[in-house]
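The chains referred to below are lettered A, B, ... by the order of the sequence lines, with proteins before strands, and numbering in each begins at 1.
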2 protein chains.
Amino acid sequence: MTEFVIMVRKAMKSANLDSFDRKLLECVRRNNLEPARSLAEKVGLSESSVLRRLRRMRLEGIIIGDIALVDPALTGGAITMHVLVQLYNDGHIRTDAFARNMARREEVVAAWNVAGDEDFVLIVQVPSMEAYDAFTREELSEQSHVRDFKTLISIRPVVDTLISRRPLRA
Amino acid sequence: MTEFVIMVRKAMKSANLDSFDRKLLECVRRNNLEPARSLAEKVGLSESSVLRRLRRMRLEGIIIGDIALVDPALTGGAITMHVLVQLYNDGHIRTDAFARNMARREEVVAAWNVAGDEDFVLIVQVPSMEAYDAFTREELSEQSHVRDFKTLISIRPVVDTLISRRPLRA
DNA sequence: TATGAAATGCCATAACC
DNA sequence: GGTTATGGCATTTCATA
């Protein structure tokens, strides 16, 4: 118990990752079901050390989560859109409000506040064009603080850290 | 062995997911390290069935991968860029070649081939502006088939499905 | 063909050096 | 960080419907 507290304390301070940690992250980032034994010989460490390091990094929040990636086509988000949004810009109030709105929408898979001509980049996943149309009307067209937006329809994902680096299975 | 072939054959045909499958996906999508015993009582099935179904869905490609989510700020990718790329467009050859190049680069976290004025949307994570500069030189500026590209510097991520859906740990 | 139960074997865990 | 003993979990096999 005390040990745990110390571990977390140490965690908060900073994240010093040595080359072993980085190698491990590179591996589990692609496949987190790979046995420690296999990881051990890849990075040149013992099984115990591998497991200790992974557990530590999970406690420290360096590893944020462990998830299964589900084929997007089967989860209701068949169409992927990229949306570049420009707001009527003055102060952070509208920016924050817009960000909050986006966070509320199920369709918005990811969003960034960006610098430059555009203010936001959205990644939106919808089951149909009708759904996308509804989304843009409610959140963009009918919003007075949205100056303009541009939609890029995704033809296909060509890289996805998450997908292309997936483990090869037998 | 024969059983395996039958499994895959069946897999290719289509993906009929019953309510048990969907419940399981909803769980492992948030946390794929949860023991089958725990999943079993959640969805109302035996441990064996849970494991069988998960294995089947992994073979069928319904579950695309199993990965650890790593805090982007700690993986050397402190800066996130969005890059809109236009190629000199003719045929699919250059598009495919470009896609392959992007897939090779560690910095490219995600990339899509899109329709419209732009050809590609990239999400690039780099530790520094120097690293980004090097990336753009090698892959964009010095590439004759790249007509133009536009960089959007991410100020902050405001939505991230993957992160917000992370499992809660004790 | 899919399920649940039991035996086997692998893997993570924890307490050592 | 490495080694060993323990416990847990997945895998396999089998019986059943």
Side-chain angles (χ1 to χ4, degrees), chain A residues 1-8 10-11 15-60 62-69 166-170, chain B residues 1-25 27-63 65-70 167 169-170:
Chain A
M1 180 54 189
T2 307
E3 195 182 339
F4 175 82
V5 174
I6 293 172
M7 233 176 165
V8 174
K10 220 170 52 180
N16 340 356
L17 305 176
D18 62 13
S19 71
F20 289 122
D21 289 329
R22 292 181 196 282
K23 281 183 194 168
L24 286 173
L25 288 177
E26 274 309 305
C27 291
V28 296
R29 176 177 209 185
R30 295 172 187 134
N31 176 13
N32 72 339
L33 299 185
E34 187 174 359
R37 186 170 302 177
S38 162
L39 292 172
E41 57 185 32
K42 273 189 185 171
V43 305
L45 231 56
S46 79
E47 189 181 332
S48 312
S49 289
V50 167
L51 289 165
R52 259 198 296 264
R53 282 166 180 267
L54 287 176
R55 192 170 33 227
R56 177 176 53 79
M57 292 195 283
R58 290 193 165 103
L59 278 170
E60 293 181 1
I62 291 164
I63 293 177
I64 298 168
D66 293 272
I67 64 166
L69 294 170
R166 73 177 154 156
L168 297 172
R169 290 209 183 68
Chain B
M1 178 56 186
T2 307
E3 194 183 339
F4 175 81
V5 174
I6 293 171
M7 234 176 165
V8 174
R9 286 275 167 71
K10 215 171 57 176
M12 297 307 167
K13 303 209 69 163
S14 72
N16 346 354
L17 305 176
D18 62 15
S19 71
F20 289 122
D21 290 328
R22 291 180 198 284
K23 280 182 194 168
L24 287 173
L25 288 177
C27 292
V28 295
R29 177 179 208 184
R30 297 183 172 86
N31 178 13
N32 72 340
L33 299 185
E34 186 173 358
R37 187 171 301 174
S38 162
L39 291 172
E41 57 187 31
K42 273 189 186 172
V43 305
L45 231 56
S46 78
E47 190 182 331
S48 311
S49 288
V50 167
L51 290 166
R52 257 196 298 265
R53 283 167 180 267
L54 288 176
R55 190 167 39 225
R56 176 176 53 80
M57 291 194 283
R58 290 193 165 104
L59 279 170
E60 293 181 0
I62 292 164
I63 294 177
D66 292 272
I67 63 160
L69 295 172
V70 179
R169 289 211 183 69

### Task
In whole angstrom, give the distance that lies between atom CG of A:Asn32 and atom P of C:dA12.
11 Å
### Interatomic distance where CG belongs to B:Leu51 and P belongs to C:dC10 [whole Å]
17 Å
### Query
Below 4.0 angstrom from OP1 or OP2 of C:dA14, is there any side-chain N or O of A:Arg55?
yes
### Query
Just the endpoints, please: which first and last nucleotides of DNA chain D, 5' to 3', lie under 4.0 Å from a heavy atom of chain A?
D:dG1 to D:dT4
### Task
Search all heavy atoms of A:Ala68 against all heavy atoms of B:Asn32 and return the closest pair with its distance.
N-CB, 3.6 Å
### Query
What distance separates A:Ser49 OG from A:Arg56 CZ, expressed to the nearest 0.5 Å?
10.5 Å
#### Entry: Which residues share a salt bridge (Lys or Arg N to Asp or Glu O under 4.0 Å) with B:Glu34, sequence neighbours left out
B:Lys42
### Query
Given axes from five pairs at either end, by how many degrees does the helix from C:dT1-D:dA17 to C:dC17-D:dG1 bend, rounded to 10°?
20°
### Message
Which heavy atom of A:Glu47 sits nearest to which heavy atom of A:Ala40, and what is that distance?
### Response
N-CB, 3.8 Å
### Gap between atoms CZ and P, on A:Arg37 and C:dC10 respectively (whole Å)
8 Å
### Query
Which whole-number value in Å describes the distance from A:Arg53 CZ to C:dA14 C1'?
18 Å
### Task
First locate atom CG of B:Asn31, then atom CG of A:Asp66, and finally report the distance between them rounded to the nearest 0.5 Å.
6.5 Å
## Note on the structure
Rounding to 0.5 Å, atoms CG (A:Leu69) and CD1 (B:Ile62) come to a distance of 14.0 Å
### Summary
Rounded to whole Å, the CG-P distance (A:Leu59 to C:dA12) equals 16 Å
### Summary
Here the distance between atom C1' of C:dT1 and atom CZ of B:Arg56, to the nearest Å, is 12 Å
### Query
Taking CG from A:Leu33 and P from C:dC11, how many angstroms apart are they, rounded to a whole number?
12 Å
### Query
Counting any heavy atom closer than 4.0 Å, what does B:Ser48 reach on the DNA or RNA strands: base, sugar-phosphate only, or nothing?
base
### Query
Whole Å only: how far is the CD atom of A:Glu41 from the P atom of C:dC11?
11 Å
### Task
Kindly compute the distance separating CG (A:Leu24) from OG (A:Ser19), expressed to the nearest 0.5 Å.
9.5 Å
### Query
Distance from B:Leu59 atom CG to B:Leu54 atom CG, nearest 0.5 Å?
11.0 Å
### Note: A:Glu26-A:Arg30 ion pair, threshold 4.0 Å (strictly below)
yes
